[in-house]
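Note sheet for the following structure.
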Amino acid sequence: MPSFDVVSSRVSFPELDAEILDYWKERDVFRRSVDDRPDAPLFMMYEGPPTANGSPGIHHVLARVFKDVVSRYRTMKGSRVIRKGGWDTHGLPVEMAVEQELGLSSKRDIEEYGIAEFNERCRESVFRYVKDWEVMTDRIGYWVDMDSPYVTLETDYIETGWWILKQLWDRGLLYQDRRGTPHCPRCVSSLSSHEVALGYRENTPDPSVFVKFEATAWPGSVPTYFLAWTTTPWTLPGNTALAVDPDAEYSVVSVTDHQLVVATALLKVLHDDYSVIETRPGSELVGHEYRPLYDAADFGSSIQQFLRRDGVTQLEDAGSYSPRVVAADFVSMEDGSGIVHIAPAFGDEDLALGRERELAFIQPVDLQGIVTGSYPFAGKFVKDADPEITADLESRGLLYHQGTYRHTYPFCWRCDTPLLYYAKTSWYIRTTAVKDRLVDINSGINWYPGHIREGRFGEWLRNNVDWAISRERYWGTPIPIWRCDHCEETQCVGSVAELAASSAQDLNGLDLHRPYVDDVVWPCESEGCDGVMRRIPEVMDCWFDSGMMPYAQWHYPFENAEIDSDGRLPADYICEAVDQTRGWFYSLHALSTLLKDDVAYRNVICLGLILDGRGRKMSKRLGNIVEPDTILDTHGADALRWYLFTASHPGEPRRFSDRLVQQTLRQVLLTLWNVYSFFTNYANIDEFEPSQIPEGWRPEAELDRWILAELNQLVQVVDDHLDNYNPTDAGRRIAEFIDVLSNWYVRRSRRRFWKSEIDSDKLGGYATLYRCLTTVARLMAPLAPFVSEQMYRNLELRYQADAPDSVHLSAYPVADTLLIDRPIMEATRLAIRVSSMGRAARSKAGLKVRQPLAEVVVKTRTDSELEYLAQVGPQILEELNIKELQPADSSGDLYVRARELADDDGDTVVSVAGYSAALDSGYMVAVDARITSELADEGLARELAHRIQNLRKGARFEITDRIVAYYDGPDDVARVMTIHGDYIKQETLSDDLFGSVLEDAAKSETAQIEGMEVTLGVRLSNGA
RNA sequence: GGGCCUGUAGCUCAGGCGGUUAGAGCGCAGUCCUGAUAAGACUGAGGUCGUUGGUUCGAGUCCAUCCAGGCCCA
């Protein structure tokens, strides 16, 4: 019975993945990795909930594997890692998709279709791709609790949200206000500042118009106009004032037959000839009245006005208005004309100024962005009305100039409609009340990369504005505020029980969504009021939903009130892409600051965006999302994971490339696999078992001491990197180790394993390689969970009955620092370098490695390296196939002459005194290029042995089969076959070499060797 | 306009505190090695280390400026 399962060098990683997935499922490994250690320290990972209304892309895989690697590492380090899956199910994106499917295009359509039915469709749609997500999650080896995920639409989840809002309400942090709010006319909803942040688009063209407002009582007989600038002509019908800087100087200039008033500093905007008539400060313009461009009374728009009574400013109906010039402190002297068009119905600054100066308020546009009233351009969408307004003004001589202005303008992050600023009431959370705490608490968060903390995120927090949380939509967490329809009575409801009590109804089983929750009403209890308490129509921003997951996933505080103290708050670790800075990272942080005055997460990896092959951001909208399935089916999960971890540091953006995944596979995973396969093949031949390694065994052979030194240093470094949330450098270091393990350790050790007897040297080799493979398997388990599991099971588990049955339940390796032998590491590095240079020297002189040479002269950079050279000389000689090594110093004749011949720029190989010498950075490796006839014979012997080996291989003999070889060729061949017969026999496991042609050879060939025609043939030996 | 990040070979990326001639992988051309390897080694072509200044005996590295790109914000 073989010691280990036979490992073929040909491996299908996708098939291996499937086998391992079955194993995990069978043994319930993931659940046990959490549940079987109730007393272990807790490590909390929060899953940022994805929306499952679309299939997952490669960028989702990126985030998920970075979440997984940390969780698996912490598990192996002994923590109990809680990670509950979650689904984000509410919000505009969901509504958008359903609207599209149903062919609805407005809120009116939705209401005609029916809110109940519409929301039912939304509910269905968000689980449509859950299966795809589960399959992907499983397939990439992301361990997360998908059996009991939190779901933002569930009653318990919503109830926690209500509780939170009630807390804020009681503290006066939840309020309603009329503001100039970014508003999407297609979605007919306002957006929060962080949603706006998601949709800025640069270089957006907008009209740039300079408009003339005619002053009505300007002294003198020449018509005089105030020149104002705007990029939104559609707001002009809403104009009720012009603002000037009272301290700036304004000029009155004469142009053809009229006069214009412009800030002196901005006279450069005038294109025509003009002459300055007079100048006066802005303060002297204040109070001047002018004729409105469109008198609201003539076009059917209602006129209201801000009036201050007893210190309270309110809007009241008015029959007419007289627009005038007012002073403001925000008038720019950078662009425009220094006179700012004010429309309180739109911009936030305009609205504030309207209140302050008791201006008129005219709203000629509805919430869908359609111009109302009887304007010539009524019924048009505002952006379409722009050119018509401009043309109309031009025909009336009120347009001074028009052009195009390119600037960065916000668009709806989901539907790409340009946003309008629109004065309306919304609900806000007063985050500005805790702004300092937001900033302070952030300084205690460990950000990767570190610059995010003070940079992007810190900057964002320092510019914090109140969080607009209401959405005039349908599918979302309903805002739990009930209001009397007659009086001012308002109640914020903090739980379902409270709602039941207030409404005196049994609400068991009530769907808290609209429209059902809207049906819960009760009589107003205010004295003498006969009104009815009804819920306000708005639902919550879906970012609020995701931000409250630390509490809502446990239905806190209705259940699990102990999370405050049991380690489940806050998270130890979260990880999402950088676009969540204003999204989830913020909503978690804001709510945690408000509710707990503490961090929501201690460590966070902020991933760069994943780009497509052309460097563009991947998004559903562009349709350039890479499907993970194809990659997984061809290269396997470990290759994809490894690539994602190591291709670039997590914070950097990365282009995704299938080619590079394949490269990773070959270079790292296949190389390791081949070492593994090599080991098991030979261990099986020799019936090596780990139990044969003596207790307290220490490596003796130089190579063994070297690779174990490298291994233990690797353990230290990798552990340190992973402890610092850096899988990238951890993976890169492991890959470097695999490279030297394969290309130096195994290469140099092969002959030790070929020996037929098993001695202590060979046993040392097995012990060493066994330790390397088992240690690497554990080290890389968090990164490549599949291949490491397979190696662990075959190498360790079958020999340790009491070992955990999964590598992911085993302990992370600990370095044996006593084995980290620095001198031997440096010596071997020197051997590798000298060998490489020696090969260069041979190659340049056309001396193939199979041809033995007499001597190599090595000059090192420093004297201390000469000692190393003595130590590793035999390795170098064997590697280079040379008889003797001669050390040299900088005064050596050969070195001096080589230096003279070499150009002083760059590496070079020169030919000097019969030697071929490679020079590099103060080193020289010179090989004696002279080949004696003895050396030539030896070279031929090696060549013949090599040919026979190839025939063995071609005949598909077993590695251990003994054979008989036949040859036919010139005398030289016969001579060498005789002189070096023993060597050739030993190398090729031949019992006999016959100088004739074998007719029925298992394999034979006739070839040109060193200019001679030689025929070789092999067959299995029947003797021995 | 402001903030943060990035700029090194055709591509993907390394280059602690400033220090001899700036590296690796992939790709291309050629040679070699191989009884673990789907691999590996060597050679060649390919670099104004984004630009321009500065500090220094010495700058890919530190400072400033500008340019380009990305993300974010006004």
Side-chain angles (χ1 to χ4, degrees), chain A residues 7-11 193-194 196-198 200 332 334-335 407-408 410 449 451-460 462-463 577-579 581-582 606 608-609 611 613 615-617 643 646-649 651-655 657 659-660 662-667 669-682 728-729 732 735-736 739 742-744 746-747 749-751 753-754 835-844 846-851 861 879 881 902-909 918-922 945-946 948-953 957-961 987-989:
Chain A
V7 177
S8 162
S9 64
R10 289 174 195 269
V11 56
S193 51
H194 43 275
V196 176
L198 296 170
Y200 277 96
S332 163
E334 300 289 316
D335 44 27
H407 57 160
T408 309
H451 60 77
I452 303 276
R453 175 170 52 206
E454 293 311 316
R456 184 172 293 192
F457 197 63
E459 206 60 41
W460 164 252
R462 282 186 284 277
N463 294 318
V578 67
D579 54 359
T581 312
R582 270 73 176 175
C606 187
L609 295 172
L611 309 172
R616 297 176 310 172
K617 182 173 170 172
Y643 164 77
T646 56
S648 62
H649 282 107
E652 305 294 325
R654 66 192 73 209
R655 289 190 187 193
S657 146
R659 212 170 46 84
L660 292 174
Q662 190 187 348
Q663 190 183 316
T664 296
L665 173 71
R666 287 187 172 180
Q667 225 162 346
L669 299 177
L670 269 179
T671 306
L672 176 67
W673 188 268
N674 283 316
V675 174
Y676 169 51
S677 161
F678 172 88
F679 170 79
T680 50
N681 280 341
Y682 281 90
T728 304
D729 288 318
R732 287 177 178 178
E736 282 169 22
D739 185 63
S742 170
N743 288 320
W744 194 259
V746 173
R747 231 161 81 95
S749 298
R750 268 184 303 210
R751 296 202 156 259
F753 297 107
W754 292 347
S835 299
S836 165
M837 290 175 68
R839 276 192 294 265
R842 292 188 75 115
S843 168
K844 194 78 168 187
L847 300 163
K848 49 188 183 180
V849 179
R850 222 178 279 138
Q851 174 60 58
R861 184 147 70 182
E879 182 68 17
N881 192 18
D903 293 332
D904 10 24
D905 52 0
D907 309 351
T908 186
V909 178
L919 293 146
D920 177 30
S921 311
H946 167 62
I948 295 171
Q949 295 286 36
N950 281 346
L951 291 176
R952 281 187 63 113
K953 210 176 184 178
F957 294 160
E958 291 299 315
I959 290 172
T960 46
D961 286 341
E987 286 295 300
T988 59
L989 295 187

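All values reported here derive from a predicted model rather than from experimental measurement.
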I'd like to check A:Gln667 versus A:Asp739 (side-chain heavy atoms, cut-off strictly below 4.5 Å). Are they in contact? no
Taking the P atom in each of B:U51 and B:U8, what is the distance between them to the nearest angstrom? 10 Å
Take atom C1' in B:G1 and the same atom in B:A9, then report the distance between them in whole Å. 37 Å
Spacing between A:Arg453 atom CZ and B:C5 atom C1', to the nearest angstrom: 16 Å
Looking at the base of B:A39, is there any donor atom on it, or on the side chain of A:Ser742, that sits under 3.5 Å from an acceptor on the other one? no
Which part of the nucleic acid, if any, lies within contact of A:Phe679, taking any heavy atom under 4.0 Å across all strands shown: a base, the sugar-phosphate backbone alone, or nothing? nothing
Heavy atoms of A:Arg462 and A:Glu454 approach each other most closely as NH2-O, 2.8 Å
Just the rounded figure in Å: distance from C1' of B:U43 to CZ of A:Arg842. 15 Å
More 5' along RNA chain B: A:Gly651 or A:Ser648, using each one's nearest nucleotide? A:Gly651
With P as the reference atom in both, quote the distance from B:C49 to B:G3 in angstrom, rounded to an integer. 28 Å
How about A:Phe457 and A:Trp460: are their ring centres within less than 6.0 Å of each other? no
Salt bridge present between A:Glu459 and A:Arg456 (N-O < 4.0 angstrom): no
Nearest to side-chain heavy atoms of A:Asn674, which nucleotide of B:C71, B:A36, B:A38: B:A36
Rounded to the Å, how far apart are A:Gln851 CD and B:C42 P? 21 Å
Which whole number of Å gives the distance between the C1' atom of B:A45 and that of B:A38? 28 Å
Looking only at atom C1', what distance separates B:U34 and B:A41, rounded to whole Å? 11 Å
From the list B:G3, B:C5, B:A14, which nucleotide is the closest neighbour of the side chain of A:His451? B:C5
Can you tell me how far P in B:C13 sits from the matching atom in B:U56, rounded to whole Å? 37 Å
Give the rounded distance in Å between these two atoms: OH of A:Tyr643 and C1' of B:U12. 8 Å
Does A:Asp729 or A:Leu670 map to a spot on RNA chain B nearer the 5' end, using the closest nucleotide for each? A:Asp729
For B:G15 versus B:G60, give the span between their C1' atoms, rounded off to a whole number of Å. 8 Å
Complement of B:C28, any strand, by Watson-Crick or G-U distances under 3.5 angstrom: B:G44
Quick one: A:His649 NE2 to B:G15 P, roughly how many Å, whole number? 7 Å
Applying a 4.0 Å non-hydrogen cut-off, can you work out what A:Glu454 is touching in the nucleic acid: base, sugar-phosphate, or nothing? nothing
Could you check whether A:Arg456 gets within reach of a base, just the sugar-phosphate, or nothing at all, counting any heavy atom under 4.0 Å? base
Show the nearest heavy-atom pair for residues A:Asn681 and A:Val7, with the distance to one decimal. OD1-O, 4.0 Å
Students often get this wrong, so: under 4.0 angstrom with heavy atoms, is A:Arg732 touching a base, only sugar-phosphate, or nothing? sugar-phosphate
In whole angstrom, give the distance that lies between atom CG of A:Asn743 and atom C1' of B:C33. 12 Å
Can you see which heavy atom on A:Pro449 is nearest to which on A:Cys606, and at what distance? CD-O, 3.6 Å
Taking atom P in both B:C63 and B:U55, what distance in whole Å separates the two? 16 Å
On the 0 to 90° scale, with breaks at 30° and 60°, tag the A:Phe678-A:Phe753 ring pair as parallel, tilted or perpendicular. perpendicular
For a quick test of reading the model: is some side-chain N or O of A:His946 closer than 4.0 Å to OP1 or OP2 of B:C33? no
Touch class at under 4.0 angstrom, heavy-atom based, for A:Asn681 against every strand present: nothing
Using whole Å, what does the distance between atom C1' of nucleotide B:C71 and atom CH2 of A:Trp460 come to? 14 Å
Which whole-number value in Å describes the distance from A:Trp744 CH2 to B:U37 P? 20 Å
